[in-house]
Number of protein chains: 2
Amino acid sequence: MATHTEFQEALLHKLSDSGLRSTPQREVVFKVMLQKRDHPTADEVFARVKSAMPSISLATVYNCLDTLVSCGLIRQVNFERGPTRYCPNLHPHAHFHDLQTGSTHDIDLPPGLIDQVKTILPEGYDASSVEIIFRGKTSFAAASAILPATGQN
Amino acid sequence: MATHTEFQEALLHKLSDSGLRSTPQREVVFKVMLQKRDHPTADEVFARVKSAMPSISLATVYNCLDTLVSCGLIRQVNFERGPTRYCPNLHPHAHFHDLQTGSTHDIDLPPGLIDQVKTILPEGYDASSVEIIFRGKTSFAAASAILPATGQN
DNA sequence: TCATATAATTAGAATAGTTCTAATTCCTTC
DNA sequence: GAAGGAATTAGAACTATTCTAATTATATGA
Ligand SMILES: [Mn+2]
Ligand SMILES: [Mn+2]
Ligand SMILES: [Zn+2]
Ligand SMILES: [Zn+2]
């Protein structure tokens with residue numbers, strides 16, 4: 001059996017690439033982010049992490065999330081001025097914000113779409129990133145009535 | 001000569017459609033929004049409005065901007081958790097956020113692009129709006145060096 | 001025209017999410 | 001096993017925005 005899990009390897013690698021240390025707090029925050037494919041706020045991450053590490057502070061959760069974002073291990077998403085949400089899905093994707101439930105869904109981007117969208121930019125605009133946000137309603141409420149109700153995701 | 005300008009007509013119409021009154025404060029806020037094709041924050045609108053109406057309050061500027069947004073006379077834009085910006089351009093457009101200057105540029109959307117982007121949505125997703133945000137740098141700095149420096153737009 | 005009702009404005013308090021500060025603890029290296 | 005730097009921590013501070021409660025303006029209609 002391995003002494004390091006795959007996720008710990010990835011974490012360690014990305015962190016040391018940036019000259020940063022792997023700490024128990026960073027590990028548990030990252031683990032929590034990978035455990036559920038949703039879009040928690042810092043407060044929600046804090047709540048989840050506390051069961052594994054009751055002594056962690058909210059400031060550290062913010063610090064760890066910032067660190068993971070700057071290492072490219074997770075992404076950050078914002079809707080209007082709501083609290084920042086964190087996303088563990090590193091594949092190129094858009095976000096669908098369900099206005100009725102408040103939940104957020106990942107929408108896979110077909111390869112080439114981003115480049116295609118970039119072609120609308122006039123001369124002189126050099127986009128390093130393109131973000132696409134959909135807002136609306138979904139019509140598969142049945143699923144969420146059967147699955148455990150978990151609030152916003 | 002007309003007693004009402006065209007902008008006042010539009011304002012009055014849209015407001016009364018929503019059962020709201022046209023007030024001096026709403027008029028001056030709307031006028032200020034149309035005078036410059038940029039993306040001011042509430043504070044910036046407040047500063048511009050004060051020269052025409054020194055007694056107006058910041059709370060009223062927030063109220064007026066909200067009202068204009070809900071009447072569809074202006075739009076609201078957010079970048080990360082920065083202060084909300086207001087946009088007088090009602091044509092379908094995307095936003096380019098210049099990471100070097102902090103300024104925001106409108107990018108016209110060719111007709112059909114939004115519908116095309118919507119086709120990536122799986123069954124059951126019904127998007128009422130699609131927002132596209134570009135981030136990156138621009139290579140026409142010369143213009144902003146010649147034109148009066150006006151801070152973020 | 002005056003009374004009444006409702007809408008809008010206002011100053012300032014309150015709020016929420018996040019960042020900062022300064023002290024402490026933890027590692028790594030010599 | 002010191003020393004120095006990195007990370008964590010509690011709590012204060014901050015910023016943009018919303019709320020509260022009082023005041024002022026406007027519309028209606030007797
Ligand atoms: Mn957003
Ligand atoms: Mn945004
Ligand atoms: Zn996501
Ligand atoms: Zn715009």
Side-chain angles (χ1 to χ4, degrees), chain A residues 8 11-12 14-32 39-47 49-50 52-71 73-74 76-86 102 104 151-152, chain B residues 8 11-12 14-32 39-47 49-50 52-71 73-74 76-86 102 104 151-152:
Chain A
Q8 281 171 324
L11 178 65
L12 206 67
K14 289 273 190 173
L15 284 172
S16 55
D17 282 0
S18 309
L20 300 166
R21 296 177 185 166
S22 182
T23 68
Q25 288 86 350
R26 284 170 181 170
E27 276 184 33
V28 71
V29 167
F30 187 43
K31 192 178 285 187
V32 150
H39 297 84
T41 63
D43 264 326
E44 287 163 354
V45 173
F46 184 43
V49 157
K50 270 206 281 203
M53 186 183 276
S55 64
I56 200 171
S57 75
L58 178 58
T60 299
V61 170
Y62 272 105
N63 291 341
C64 290
L65 289 169
D66 284 354
T67 301
L68 296 177
V69 168
S70 68
C71 290
L73 287 160
I74 61 174
Q76 214 169 328
V77 201
N78 290 277
F79 298 110
E80 280 79 55
R81 299 242 333 143
T84 296
R85 292 173 174 279
Y86 297 87
T104 299
Q152 300 212 333
Chain B
Q8 281 171 324
L11 179 65
L12 207 64
K14 291 272 191 176
L15 284 173
S16 54
D17 282 0
S18 309
L20 299 166
R21 295 178 185 165
S22 182
T23 67
Q25 289 86 351
R26 285 170 180 169
E27 276 184 34
V28 70
V29 167
F30 188 43
K31 193 177 284 187
V32 151
H39 297 85
T41 63
D43 262 328
E44 286 163 354
V45 173
F46 183 45
V49 157
K50 271 207 284 203
M53 186 183 278
S55 63
I56 199 170
S57 76
L58 178 57
T60 297
V61 170
Y62 272 105
N63 291 340
C64 290
L65 289 169
D66 285 355
T67 300
L68 296 176
V69 168
S70 67
C71 290
L73 287 159
I74 62 175
Q76 216 170 323
V77 201
N78 290 277
F79 297 110
E80 278 81 53
R81 298 243 331 145
T84 295
R85 292 175 173 278
Y86 297 87
T104 299
Q152 301 209 333

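Keep in mind that what you see is a predicted model, and the values were worked out from it rather than measured. Any value given below was found using the heavy atoms of this structure, including those in side chains, with hydrogens, waters and symmetry copies removed. Residue numbers start from 1 in every chain, and the chains themselves are labelled A, B, ... in the order their sequence lines are given, proteins ahead of strands.
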Open item on the list: Going 5' to 3' along DNA chain C, which are the first and last nucleotides with any atom under 4.0 Å from a heavy atom of chain A?
Closed with: dG17(C) to dC27(C)
Task: Atom pair OG1/CZ of Thr67(B) and Phe30(B) - distance to nearest 0.5 Å - done: 12.5 Å
Side-chain heavy-atom pair [X], [Y] within 4.5 angstrom cut-off:
{"X": "Asp43(B)", "Y": "Pro83(B)", "result": "no"}
{"X": "Glu80(A)", "Y": "Gln76(B)", "result": "no"}
{"X": "Thr104(B)", "Y": "Val77(B)", "result": "no"}
{"X": "Ile56(A)", "Y": "Val29(A)", "result": "yes"}

Closest non-hydrogen atom pair, [X] against [Y]:
{"X": "Cys71(B)", "Y": "Leu20(B)", "value": "SG-CD1, 4.1 Å"}
{"X": "Arg26(A)", "Y": "Arg21(A)", "value": "NH1-O, 2.6 Å"}
{"X": "Phe46(A)", "Y": "Ser57(A)", "value": "CE1-C, 3.6 Å"}
{"X": "Ser22(B)", "Y": "Glu27(B)", "value": "OG-OE2, 3.2 Å"}

- [ ] Only one of Asp66(A), Asn78(A), Thr41(A) passes side-chain hydrogen bond (donor to acceptor under 3.5 Å, both in side chains) with Thr84(A); say which it is.
- [x] Asn78(A)
Open item on the list: Looking at Arg21(B), I'd like to know whether one of its side-chain N or O atoms comes within less than 4.0 Å of OP1 or OP2 on dA25(D).
Closed with: no
Expressed as a whole number of angstroms, how long is the span from [X]:[atom1] to [N]:[atom2]?
{"X": "Leu20(B)", "N": "dT26(D)", "atom1": "CG", "atom2": "P", "answer": "15 Å"}
{"X": "Arg81(B)", "N": "dA16(D)", "atom1": "CZ", "atom2": "P", "answer": "11 Å"}
{"X": "Phe46(B)", "N": "dA16(D)", "atom1": "CZ", "atom2": "C1'", "answer": "14 Å"}

Open item on the list: Using only atom types and a distance under 3.5 Å, with no angle test, would you say the side chain of Arg81(A) pairs donor to acceptor with the backbone of Gly82(B)?
Closed with: yes
Task: DNA chain D contacts made by residues 56-67 of chain B, counting heavy atoms under 4.0 Å - done: Tyr62(B)
TODO: Would you mind telling me which residue lines up with the more 5' stretch of DNA chain D, Thr84(B) or Thr23(B), judged by nearest nucleotide?
DONE: Thr84(B)
TODO: With DNA chain D as reference, determine whether Gly82(B) or Ser55(A) sits nearer its 5' end, using the nearest nucleotide of each.
DONE: Ser55(A)
- [ ] Compute the bend angle of the helix from dT1(C)-dA30(D) to dC30(C)-dG1(D) from the end axes (five pairs per end), rounded to 10°.
- [x] 20°
